[in-house]
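What follows is a set of notes on a single structure, which appears directly below.
All residue numbers in this chain count up from 1 along the given sequence. First listed ligand is number 1; within each ligand, the first listed atom is number 1.
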Amino acid sequence: MRKYSVFAVAREAMRGHKGWPQQWTSPEPKKNYDVVIVGAGGHGLGTAYYLAKEHGITNVAVVEKGWLGGGNTGRNTTIIRSNYLYDESAALYNHAMKMWDGLSQDLNYNVMYSARGVMMLAHNVHDVQGAQRHIHANRLNGVQNEWLTPEQAKAYCPPLNISAAARYPVMGAALQRCGGTARHDAVAWGYARAAADRGVDVIQNCAVTGVRRSADGVVEGVETTRGFIGAKKVGVVAAGHSSVIMEMAGVRMPLESYPLQALVSEPVKPVFPCVVMSNTVHAYISQSDKGELVIGAGTDQYTSYSQTGGLHILTHTLDAICEMFPIFSRMKMLRSWGGIVDVTPDRSPILAKTPVGGLYVNCGWGTGGFKATPGSAHVFAHTIANDAPHAINAGFTLERFQTGRLIDEAAAAAVAH
Ligand code: FAD
Ligand code: PYC
């Protein structure tokens, strides 16, 4: 693989950028692989990368029905944080947080991780108590989080309206300074390039239409729109369509799929220094490096596989944004879109083996899996390679919905549910 460096950029600048090679190839599927990953989002591509890098398993294909990163990975609002409540979540999300820090160097691809701080607003007594409980729990687990008064919140984010006359006045905020954003497409592209460089086949325009099992029930491979692809192991990482694929293997999943929408404004000069989220009024906002305000809403109330959502959900969010940040009330919105998010009953992911031999699943990230991408991919690769979970994902089983050992993160993930 051609290494990206300041020297390479300078050399290419001198020759009209004509010498850059393709970042990844588009191979025809082979007949058989050791591992087939279904879904070329960040989690699936990352899994393939760590299978190759950390476990020496390179006979791997990632099959994608559309284009890589075209699912939720390329549709999210790029917020990264690790301020969840329970010990299991602290371990998982903080594992990811530590990996974000060195990811650009590891992949030799600038994922533009920016630790600009994520501030979660409290608007009523319940919010204040909830936020402070999270802060205490986080600190016990070594996870950064601190309480700010309304004045401190405004000092951190000057456009914030802290007037007591607001419909939902700001009563304080929880700030995670190491939280922030990363460029979501670059995460998919960086993993794809690094995985392909280690021998992984990334196969786009190849939809999985069936999962073939042997007479004794073990996975044999996947039926696709480009023919049957044999595999000793199959990892399903298909976000909003995970239950559809798992159904093909005869496994019923505790998931509901909802549209989740986001939108961006016209670009403006740098004006917004951090990320702000408000669970109570269903809005979150940051500013991209291009200058657009990146704004997200809550899920639609109805399950659906449509990558659009109700207009009233967006107008509700924009009402909230204008109230919290009156300086944005005359901004023009450029475009909006939706993704299909897969929501579990306890709002925590499933990262596990399944009752079917050779079949593994990484799903249920709902509205909040982008932040976990490197950590999730890392422990899922371990799970597939060893046919046993990593200590960090040991609790994120499918069986917890039968045993009742839930990891209830409804409050931490609440902004969008
Ligand atoms: P995806 O990127 O969706 O990848 C799954 C892939 O599987 C897709 O490319 C899809 O085409 C493919 N696939 C599906 N069916 C098949 C098939 N039959 N055959 C082959 N391939 C198939 N999370 C955060 O942490 N922070 C945020 O700020 C945030 N904001 C969000 C905002 C929006 C609007 C949305 C929609 C989501 C947001 N999320 C956020 C959630 C986050 O985007 C997801 O949890 C995460 O990207 C999931 O990654 P993935 O790789 O598992 O899934
Ligand atoms: O989980 O931080 C999050 C999030 C932000 C926007 C959507 N999800």
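Within the structure, ring-ring contact (aromatic ring centres under 6.0 Å, His included) contacts touching residues 232-256 (residues at least two apart or in different chains) are H241-Y305. Within the structure, the salt bridge (Lys or Arg N to Asp or Glu O under 4.0 Å) test picks out the following pairs touching residues 180-205 (sequence neighbours left out): R183-D185. Screening residues 128-152 for salt bridge (Lys or Arg N to Asp or Glu O under 4.0 Å) gives E146-R177 as the qualifying pairs, with residues at least two apart or on separate chains.
The atoms of ligand 2 that sit less than 4.0 Å from any heavy atom of T77 are 6 (C). In summary, the atoms of ligand 2 found under 4.0 Å from a heavy atom of K371, numbered by their order in the structure, are 1 (O), 2 (O), 3 (C). Applying the 4.0 Å criterion to heavy atoms of M277 picks out, from ligand 2, the atoms 2 (O), 3 (C), 4 (C), 5 (C). For ligand 2, the atoms closer than 4.0 angstrom to any heavy atom of R81 are 1 (O), 2 (O), 3 (C). Each of the atoms 1 (O) of ligand 2 lies under 4.0 Å from some heavy atom of G368.
Put simply, the side chain of N362 does not reach to within 4.5 Å of the side chain of I350, judged on heavy atoms. E266 is not listed as a side-chain neighbour of E292, based on a closest heavy-atom distance of 4.5 Å or more.
Counted within 6.0 Å of NZ on K53, heavy atoms from surrounding residues, nucleotides or ligands total more than 12; the atom is thus considered enclosed. In W67, the CH2 atom is not crowded: 12 or fewer heavy atoms of neighbouring residues, nucleotides or ligands sit closer than 6.0 Å.
Some N or O of T367 is nearer than 3.5 Å to an N or O of ligand 2, by distance alone.
Looking at every heavy atom in both residues, A297 comes nearest to I313 through CB-CG2, 3.8 Å.
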Please tabulate, one line per pair, the protein nitrogen or oxygen atoms found under 3.5 angstrom from a nitrogen or oxygen of ligand 1, with distances to 0.1 Å, or say none if there are no such pairs.
unit_1: ligand 1; atom_1: 2 (O); unit_2: N72; atom_2: N; d: 3.3
unit_1: ligand 1; atom_1: 2 (O); unit_2: T73; atom_2: N; d: 2.8
unit_1: ligand 1; atom_1: 2 (O); unit_2: T73; atom_2: OG1; d: 2.6
unit_1: ligand 1; atom_1: 3 (O); unit_2: N72; atom_2: N; d: 2.8
unit_1: ligand 1; atom_1: 9 (O); unit_2: E64; atom_2: OE1; d: 2.6
unit_1: ligand 1; atom_1: 9 (O); unit_2: E64; atom_2: OE2; d: 3.2
unit_1: ligand 1; atom_1: 11 (O); unit_2: E64; atom_2: OE2; d: 2.6
unit_1: ligand 1; atom_1: 18 (N); unit_2: V208; atom_2: O; d: 3.1
unit_1: ligand 1; atom_1: 19 (N); unit_2: V208; atom_2: N; d: 2.9
unit_1: ligand 1; atom_1: 21 (N); unit_2: K65; atom_2: N; d: 3.1
unit_1: ligand 1; atom_1: 23 (N); unit_2: T367; atom_2: O; d: 3.3
unit_1: ligand 1; atom_1: 23 (N); unit_2: G369; atom_2: N; d: 3.3
unit_1: ligand 1; atom_1: 23 (N); unit_2: F370; atom_2: N; d: 3.1
unit_1: ligand 1; atom_1: 25 (O); unit_2: I79; atom_2: O; d: 3.3
unit_1: ligand 1; atom_1: 25 (O); unit_2: G368; atom_2: O; d: 3.1
unit_1: ligand 1; atom_1: 25 (O); unit_2: F370; atom_2: N; d: 3.0
unit_1: ligand 1; atom_1: 25 (O); unit_2: K371; atom_2: N; d: 2.8
unit_1: ligand 1; atom_1: 25 (O); unit_2: K371; atom_2: NZ; d: 3.1
unit_1: ligand 1; atom_1: 26 (N); unit_2: I79; atom_2: O; d: 2.9
unit_1: ligand 1; atom_1: 28 (O); unit_2: T77; atom_2: OG1; d: 2.7
unit_1: ligand 1; atom_1: 28 (O); unit_2: T78; atom_2: N; d: 3.4
unit_1: ligand 1; atom_1: 28 (O); unit_2: I79; atom_2: N; d: 2.9
unit_1: ligand 1; atom_1: 30 (N); unit_2: T77; atom_2: N; d: 3.1
unit_1: ligand 1; atom_1: 30 (N); unit_2: T77; atom_2: OG1; d: 3.0
unit_1: ligand 1; atom_1: 39 (N); unit_2: T367; atom_2: O; d: 3.1
unit_1: ligand 1; atom_1: 43 (O); unit_2: N72; atom_2: O; d: 3.1
unit_1: ligand 1; atom_1: 43 (O); unit_2: N76; atom_2: ND2; d: 3.2
unit_1: ligand 1; atom_1: 45 (O); unit_2: G369; atom_2: N; d: 2.8
unit_1: ligand 1; atom_1: 47 (O); unit_2: T73; atom_2: N; d: 3.4
unit_1: ligand 1; atom_1: 51 (O); unit_2: G42; atom_2: N; d: 3.2
unit_1: ligand 1; atom_1: 51 (O); unit_2: H43; atom_2: N; d: 3.1
unit_1: ligand 1; atom_1: 51 (O); unit_2: T73; atom_2: OG1; d: 3.4

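Between T224 and R226, the side chains place no donor N or O within less than 3.5 Å of an acceptor N or O (distance only, hydrogens not considered).
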